[in-house]
Engineer: 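Quick one: the structure is below, and I'll ask about it shortly.
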Amino acid sequence: MPEMPEVETVRRTVAARVAGRRIEAVEVRRPKFVEPLTPEEFAQRVTGRRIAEVDRRGKYLILRLTEDGAPGGARAGSGGAKANGAGAKAKPAGEIIIHLKMAGRLLVCRTGEVLEPKLEKHTHVVFRLEGDEELRHIDLRHFGRVSYVAGARDRAGYAAHPKLKGLAALGPEPLSPDFTYEHLKAGLARRKTKIKPLLLDQSFVAGLGNIYADESLYRARIHPERRANELKPREVRALFEAIQGIIAEAIAHRGTTIATYVDGEGRRGEFAAMLLAYGRTGEKCSRCGTPIERIVLGGRSTHFCPKCQKLPGAKRRVAPRKKVARTTVRRDQKVVQ
DNA sequence: AAGGGCCCCTGAAAGC
DNA sequence: TGCTTTCAGGGGCCCT
């Protein structure tokens, strides 16, 4: 299930293969994927354009197109797509925006290459490129979307598209300079919701999905049902570092393959072996040996260590009244002053 | 604002 | 063995 590290891995592998190349033809096999455009409208807008670069925001992939004026320039080496555009100053001509949802793939294939039947059956959009290769959107679950926006590429432009409200509302990238400890602290303080569902909220932080939310909380030793605004500064700090650490490590390992995920060249990710909580129900916690538990939060399976990730309040059922009262008073006085 | 439920959709796994 | 049911999951959307 592609989350940010998987989508970033797809971005890198796809960019290295398609950046700078012209789209010769488009085949839309399932019209619903390009809605609200019709297959004809979608093909007409995209055909003949050049893929200047492949970008990413959260879990969205963005193919930036230019008019096919200048030759594609450098064939985007290992450095990725962003370095492109130094030579040719072609005009921006719109963007193809792809969300893989949970089972989507973006594969670079030779033109006409026949894949296994299951993949052929669920190939929904094919971009035929110059140079005898094609970029295929394959989705076993049919949840994904391929959208087109003209020029704009700003939040307002995305917000106007019926399928891109989420992109328009994305929060900061976890590895970007916008995502700071202070930002996280302030954001958490404003919310009373449980921390796990909040981490899945793409407008809060972009790119975390079920796997990395669980892993981040596990690493930070925070129970998934803790209220966001009740986390202590130490815990917020730990969470901040856990999120950045996990995401960076997962990208370095080219993502996590549980079932179907592969990158733009069909390779699996290697991070699954390093997961310590997600999918490890009943297995021993790597820190304390307690069996990992699974609960459901906001409709998502959630994995955690009940000993390392405690829920305060659940166990101090018989607190000595005197002490509690005194502590409260003291705290109140401090706050008032 | 929070949270529950539903929906999209298919394949795998579990149940019978 | 084979058929049927359940579940998983990203994220939008509606309702309370």
Side-chain angles (χ1 to χ4, degrees), chain A residues 1-8 10 29-36 56-61 97-106 115-125 137-147 155 158-171 173-174 186-216 224-231 247 250 255-262 269 272 275 277-282 294-303:
Chain A
M1 355 173 155
E3 300 179 27
M4 188 276 232
E6 290 74 38
V7 179
E8 174 60 18
V10 170
R29 299 189 190 170
R30 279 191 181 71
K32 66 169 288 190
F33 278 80
V34 299
E35 284 174 358
R56 179 192 57 76
R57 270 291 279 135
K59 301 173 191 171
Y60 293 84
L61 283 161
I97 296 164
I98 300 170
H99 199 302
L100 301 174
K101 290 295 178 86
M102 59 169 292
R105 303 184 185 199
L106 208 52
L115 304 176
E116 57 182 288
K118 202 201 308 175
L119 298 182
E120 288 293 334
K121 182 180 162 194
H122 298 294
T123 298
H124 311 303
V125 183
H137 177 237
I138 299 168
D139 186 351
L140 287 291
R141 288 282 182 282
H142 297 209
F143 281 0
R145 286 294 175 266
V146 179
S147 306
R155 284 194 184 240
Y158 298 143
H161 191 291
K163 305 291 182 187
L164 298 177
K165 310 278 187 210
L167 174 56
L170 279 186
E173 293 286 325
L188 292 173
R190 256 184 275 123
R191 308 287 224 102
K192 293 180 182 168
T193 187
K194 293 171 181 172
I195 184 65
K196 163 77 186 277
L198 183 57
L199 292 182
L200 295 179
D201 180 347
Q202 301 299 297
S203 68
F204 186 73
V205 190
L208 290 185
N210 211 30
I211 296 173
Y212 299 116
D214 278 5
E215 292 299 311
S216 298
E225 292 187 279
R226 292 283 301 282
R227 299 283 163 180
N229 62 348
E230 291 175 0
L231 295 181
I247 293 293
T256 298
T257 297
I258 302 281
T260 63
Y261 163 75
V262 293
L275 299 178
Y278 184 87
R280 297 205 176 274
T281 312
R294 176 185 178 276
I295 58 176
V296 175
L297 278 186
R300 296 286 177 272
S301 64
T302 298
H303 313 74

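Throughout, protein chains are lettered first and strands after them, A, B, ... in sequence-line order, and every chain is numbered starting at 1. This one's a predicted model, so the numbers in the text were calculated from it and none came from an experiment.
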Engineer: Counting C-beta onward and ignoring hydrogens, is there a side-chain heavy-atom pair between A/Gln202 and A/Leu167 closer than 4.5 Å?
Structural biologist: no

Engineer: Mapping A/Thr193 and A/Arg145 to their closest nucleotides on DNA chain B, which lands nearer the 5' end?
Structural biologist: A/Thr193

Engineer: Name the residue closer to the 5' end of DNA chain C, choosing between A/Tyr278 and A/Lys165 according to the nucleotide with the nearest heavy atom.
Structural biologist: A/Tyr278

Engineer: In whole angstrom, what separates A/Ile295's CD1 from B/dG4's P?
Structural biologist: 12 Å

Engineer: Without decimals, in angstroms, what is the distance between A/Lys196 NZ and B/dA2 C1'?
Structural biologist: 17 Å

Engineer: List for me each residue that meets salt bridge (charged side-chain N to carboxylate O under 4.0 Å, His left out) alongside A/Glu225, sequence neighbours excluded, and say none if there are none.
Structural biologist: A/Lys194

Engineer: From NE2 of A/His122 over to P of B/dC8, roughly how many Å is that when rounded to an integer?
Structural biologist: 17 Å

Engineer: For the pair made of NZ in A/Lys32 and P in B/dC7, what is the distance, rounded to whole Å?
Structural biologist: 14 Å

Engineer: With sugar-phosphate meaning primed atoms plus P, OP1 and OP2, does A/Phe33 contact a base, only sugar-phosphate, or nothing at under 4.0 Å between heavy atoms?
Structural biologist: nothing

Engineer: Just how far, in rounded Å, is P of B/dG4 from CG of A/Asp201?
Structural biologist: 15 Å

Engineer: Roughly how bent is the helix from B/dA2-C/dT16 to B/dC16-C/dG2 end to end, in steps of 10 degrees, with each end axis from five pairs?
Structural biologist: 60°

Engineer: In this structure, how many angstroms lie between the P atom of B/dA2 and the CG atom of A/Leu198, rounded?
Structural biologist: 8 Å

Engineer: Taking any atom closer than 4.0 angstrom to a non-hydrogen atom of chain A, what span of DNA chain C does the protein reach, first nucleotide to last?
Structural biologist: C/dA8 to C/dG12

Engineer: Is there a donor in the side chain of A/Ser147 and an acceptor in the side chain of A/Lys163, or the other way round, less than 3.5 Å apart?
Structural biologist: no

Engineer: Does a donor on one side chain and an acceptor on the other come within less than 3.5 Å for A/His124 and A/Asp139?
Structural biologist: no

Engineer: Within the 4.5 Å heavy-atom criterion, are A/Leu100 and A/Arg141 side-chain neighbours or not?
Structural biologist: no

Engineer: Please answer whether the main-chain N or O of A/His99 pairs with a side-chain N or O of A/Arg145 as donor and acceptor at a distance below 3.5 Å.
Structural biologist: no

Engineer: Salt-bridged, A/Asp201 to A/Arg191, with N to O below 4.0 Å?
Structural biologist: yes

Engineer: Atom NZ of A/Lys101 and atom P of B/dG11: how far apart are they, to the nearest Å?
Structural biologist: 18 Å

Engineer: Does atom NZ of A/Lys165 have more than 12 heavy-atom neighbours from other groups under 6.0 Å away?
Structural biologist: yes

Engineer: Reckon A/His142 has a side-chain N or O less than 4.0 Å from the OP1 or OP2 of B/dT10?
Structural biologist: yes

Engineer: Under 4.0 Å between any heavy atoms, over every strand shown, what does A/Lys192 touch: base, sugar-phosphate, or nothing? Just pick one.
Structural biologist: sugar-phosphate

Engineer: Just say parallel, tilted or perpendicular for the rings of A/Phe33 and A/His142, cut-offs at 30° and 60°.
Structural biologist: perpendicular

Engineer: Phosphate oxygens OP1/OP2 of B/dG3: is one of them under 4.0 Å from a side-chain N or O of A/Arg191?
Structural biologist: no

Engineer: Whole Å only: how far is the NE2 atom of A/His99 from the P atom of B/dC8?
Structural biologist: 19 Å

